[in-house]
Undergrad: 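Let me begin by handing over the structure; questions about it come next.
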Amino acid sequence: MTVTDSVDMEQAARRDRMSLLAKAPAERLAALWRDLGLAPDFTWLRTPEIGGVMVRGRTGGTGAPFNLGEMTVTRASVQLTGGAVGHAYVQGRDKDKARVAALIDALMQGGDAARIDAGVLAPLRAEQAAARHRRAAKAAATKVDFFTLVRGED
Amino acid sequence: MYVAVKGGERAIDNAHAWLAEERRGDLSVPELSLAQIREQMTLAVNRVMAEGSLFDPDLAALAIKQARGDLIEAIFLIRAYRTTLPRLGSSRPVETAQMACDRRISATFKDAPGGQVLGPTFDYTHRLLDFRLAADGIVPPAPEAPPRQDPTPHITGFLNRDGLIQPEPASAAEPGDLTRSPMELPADRPLRLQALARGDEGFVLGLAYSTQRGYARNHAFVGELRIGAVAVEMDIPELGFAIEIGEIAVTECETVNQFTGSKTEPAQFTRGYGLIFGQSERKAIAMALVDRALRWRELGEDDLGAPAQDEEFVLAHCDNIQATGFLEHIKLPHYVDFQSELELVRKLRRDAMAARAEAAE
């Protein structure tokens, strides 16, 4: 494995966990974080800020971009006493969700990574996958099976 | 002429206090929670998000509660709130081809790859009032089946492959944003789609219906209608790469319309497009029909003088907040300017009476 590959893999893992945290239900993330019992010292690089992101679509699904409408997003950045920097951009208006997500982003760069992955990220990942699977299974049950009664040409 | 007036403060305060009481209704009936509105009045929440142009189900539920169920008033509240939000950025265009579909149907291709998936639809219900809902709320769990693993492909993609439909080539052009700069006419298609996406459902529906009845008919078929969840990705400057910042529910409609062709160009189907926040297929289909009607110029069609083809007419009137703001302002005090009109009418009548009396003598 080359150096670039490992950087890419690290970046992909960070992207995936930030995406996971962005979509996590705020109360669920708060509960899992509380159960972990971590209280790291940190300073704010950016205190949680609620804002809007313009969501774009494409004409015809594949063409030129257009502005569809906004969604609420909260962002925050922290620095741990050890120096690690964490960022968060999370869906919704929950400032504590942004704080916890930024802390997790910073802590995942250090020695607590395995503990956080097992205690917070793995359960969130499993719950998101299960919820998605449940909806897909209900959708699949509404798929139409056609059968031809009488053909018109007779 | 507009003249400032003062007074009526106590009357206004008391009116608002009574409004709060009426909003709550009979105290012996339990109060609605925001979660109840969000979970059980979902399609109202979706409409408020779509036309309020802000995806946030909790805020939309609050707006509906505050507005006593008046959805245009709720949309007004959301529009006012969104102007207070700092803009953190713009997303990458959502990939609707990757949508986790709750529903996906095609009216044109029976055997579309991925199948006809009905989802939680009102279609094929008998539209008979269900009095069981007035009694208990026990709902048996919906059946499940092994889910599809792969993303569901877009149906227009298959037509596109054979060159039978006008393509929609990707571009990286920065779209105009009517929330940032006033709309200028003629508007390009991205700007028109933004206006239609946040436009009033009833207005867009009426215009779309007018095209079906013959006012610039464009023979639309629903090539595909899909409802489901898409991830929203944004490039994060601090990181130097993109992450998913959330997931939203959207409805997408692609229409397949009458073909154009000429001596040099072979005949080809054309298309209209609708994309709406939340589950809102009536609006998405209507948007696609009106989008198609507005494309007459770029597709080399005739201007038939139909309302749905008139870009200025459509775009200037589809926004229900602009419309209701101007409409409802005429109920606010206009005492002084009405006084001047009253004087004028009295004078005209006086002159006419005098002339008549003179003629009679």
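Every chain is numbered from 1, with letters handed out A, B, ... down the list of sequences.
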Undergrad: What heavy-atom pair brings A/Leu36 and A/Gly119 nearest, and what distance separates the two atoms?
TA: CD1-CA, 4.0 Å
Undergrad: Which heavy atom in A/Val73 sits nearest to a heavy atom in A/Val53, and how many Å separate them?
TA: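 Result for this residue pair: CG2-CG2, 3.7 Å.
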Undergrad: Is there a side chain to side chain contact (heavy atoms under 4.5 Å, CB included) between B/Cys318 and B/Asp200 once you walk through the steps?
TA: CA-CA 6 Å; B/Cys318 68; B/Asp200 183 73; 5.8 Å; no
Undergrad: Short question: side chain of A/Arg58, backbone of B/Ser171 - any donor-acceptor pair under 3.5 Å?
TA: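 Yes; at least one donor-acceptor contact below 3.5 Å.
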Undergrad: Taking every non-hydrogen pair under 4.5 Å, which of A/Ala139, A/Gly52, A/Ala22 racks up the most with chain B?
TA: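 If we count pairs closer than 4.5 Å to chain B, A/Gly52 comes out on top.
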Undergrad: Is there a side chain to side chain contact (heavy atoms under 4.5 Å, CB included) between B/Arg103 and B/Gln279? Walk through the geometry before answering.
TA: CA-CA 10 Å; B/Arg103 171 167 168 81; B/Gln279 177 174 347; 5.5 Å; no
Undergrad: Top residue by heavy-atom pair count (under 4.5 Å) with chain A, among B/Gly89, B/Gly52, B/Ala142?
TA: B/Gly89
Undergrad: Answer with side chain, backbone, both or neither: which region of B/Arg92 has an atom nearer than 4.5 Å to a non-hydrogen atom of chain A?
TA: backbone
Undergrad: In terms of heavy-atom proximity below 4.5 Å to chain A, should B/Pro143 be classed as side chain, backbone, both, or neither?
TA: both
Undergrad: Taking atom CD of A/Glu10 as the centre, does the number of heavy atoms from other residues, nucleotides or ligands within less than 6.0 Å exceed 12?
TA: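 Counting neighbours around CD of A/Glu10, 12 or fewer heavy atoms of other residues, nucleotides or ligands fall under 6.0 Å, so no.
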Undergrad: Under a 4.5 Å heavy-atom cutoff, which of B/Ala197, B/Pro147, B/Pro190 has the most pairs with chain A?
TA: B/Pro147
Undergrad: Under 4.5 Å heavy-atom distance to chain B, tell me which part of A/Arg132 shows up: side chain, backbone, both or neither.
TA: side chain
Undergrad: So which of B/Leu193, B/Val250, B/Thr96, B/Leu178 has the biggest tally of heavy-atom pairs under 4.5 Å with chain A?
TA: B/Leu193
Undergrad: Atom CZ of residue position B/Arg82 - does it have more than 12 heavy atoms of other residues, nucleotides or ligands inside 6.0 Å?
TA: yes
Undergrad: Looking at chain B, which one of A/Gly69, A/Ala137, A/Ala140 has the largest number of heavy-atom pairs inside 4.5 Å, strictly under?
TA: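 Of A/Gly69, A/Ala137, A/Ala140, A/Ala137 has the most heavy-atom pairs under 4.5 Å with chain B.
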Undergrad: Between B/Arg189, B/Arg148, B/Arg198, which has the largest tally of heavy atom pairs under 4.5 Å with chain A?
TA: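 Between B/Arg189, B/Arg148, B/Arg198, the count favours B/Arg189.
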Undergrad: B/Val94 versus chain A, heavy atoms under 4.5 Å apart: side chain, backbone, both or neither?
TA: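 Both backbone and side chain.
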Undergrad: Could you tell me which of B/Leu239, B/Val230, B/Asp111, B/Thr156 has the largest number of non-hydrogen atom pairs under 4.5 Å with chain A?
TA: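 It is B/Leu239.
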Undergrad: In terms of heavy-atom proximity below 4.5 Å to chain B, should A/Val144 be classed as side chain, backbone, both, or neither?
TA: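 When you check distances to chain B, atoms from both the backbone and side chain of A/Val144 fall under 4.5 Å.
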Undergrad: Looking at A/Arg56 and B/Asp177, is any side-chain nitrogen of the basic one under 4.0 Å from a carboxylate oxygen of the acidic one?
TA: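 Looking at A/Arg56 together with B/Asp177, the answer is no, because their closest N to O distance does not fall below 4.0 Å.
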Undergrad: Determine the option with the most heavy-atom pairs under 4.5 angstrom with chain B, choosing from A/Met18, A/Arg134, A/Arg93, A/Lys138.
TA: A/Arg93
Undergrad: Can you tell which part of B/Glu233 gets under 4.5 Å to a heavy atom of chain A, answering side chain, backbone, both or neither?
TA: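 Neither part; nothing is under 4.5 Å.
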Undergrad: Specify which of A/Lys23, A/His133, A/Glu49 makes the most heavy-atom pairs with chain B at under 4.5 Å.
TA: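 Most heavy-atom pairs under 4.5 Å with chain B: A/Lys23.
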Undergrad: Do you know the tightest heavy-atom contact between B/Ser53 and B/Arg79?
TA: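 Here B/Ser53 and B/Arg79 meet closest at CB-NE, 4.4 Å.
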Undergrad: Side chain, backbone, both or neither: which part of B/Ile245 has a heavy atom under 4.5 Å from chain A?
TA: both
Undergrad: Show the nearest heavy-atom pair for residues A/Pro123 and A/Asp117, with the distance to one decimal.
TA: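 Nearest pair, atom of A/Pro123 first, then A/Asp117: CD-O, 4.1 Å.
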Undergrad: Who wins among A/Gly63, A/Gly57, A/Ser77, A/Ala64 for the most heavy-atom pairs under 4.5 Å with chain B?
TA: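 Most heavy-atom pairs under 4.5 Å with chain B: A/Gly63.
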Undergrad: Give, as side chain, backbone, both or neither, the part of B/Cys101 having an atom under 4.5 angstrom from any heavy atom of chain A.
TA: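 The backbone, not the side chain.
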Undergrad: Could you tell me whether the side chains of B/Arg292 and B/Thr270 share a donor-acceptor contact shorter than 3.5 Å?
TA: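 Side-chain D/A pair, B/Arg292 to B/Thr270: present.
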Undergrad: Under 4.5 Å heavy-atom distance to chain B, tell me which part of A/Arg17 shows up: side chain, backbone, both or neither.
TA: neither
Undergrad: Is it the side chain or the backbone of B/Ala170 that comes within 4.5 Å of chain A heavy atoms, both, or neither?
TA: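 For B/Ala170, heavy atoms of backbone and side chain both lie under 4.5 Å from chain A.
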Undergrad: Given heavy-atom pairs under 4.5 angstrom as the criterion, report whether the side chain, backbone, both or neither of B/Gln116 touches chain A.
TA: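 Both backbone and side chain.
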Undergrad: Please check this pair: side chain of A/Lys97 against backbone of A/Ala24, looking for a donor-acceptor N/O pair closer than 3.5 Å.
TA: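 Answer holds: yes.
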Undergrad: Check whether B/Asp188 gets within reach of chain A through its side chain, its backbone, both or neither, counting any heavy atom under 4.5 Å.
TA: neither
Undergrad: Please look at B/Ala242 and chain A and tell me whether the side chain, the backbone, both or neither of the residue comes under 4.5 angstrom of a heavy atom of that chain.
TA: backbone
Undergrad: If we count only N and O atoms by modelled type, under 3.5 Å, do the side chains of B/Glu252 and B/Tyr273 hold a donor and an acceptor together?
TA: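 Yes, side-chain donor-acceptor contact under 3.5 Å.
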Undergrad: Determine, step by step, whether A/Tyr89 and B/Glu244 satisfy the side chain to side chain donor-acceptor pair (under 3.5 Å) criterion, reporting the C-alpha distance in whole Å, the side-chain angles of both residues, the deciding distance to 0.1 Å, and the verdict.
TA: CA-CA 9 Å; A/Tyr89 277 77; B/Glu244 291 174 9; over 6 Å; no
Undergrad: Heavy-atom distances under 4.5 Å only: say whether B/Thr84 touches chain A with side chain, backbone, both or neither.
TA: neither
Undergrad: Go through B/Gly115, B/Pro167, B/Pro169, B/Ala173 and name the one with the most non-hydrogen pairs under 4.5 angstrom from chain A.
TA: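 Result: the option with the highest number of such pairs is B/Pro169.
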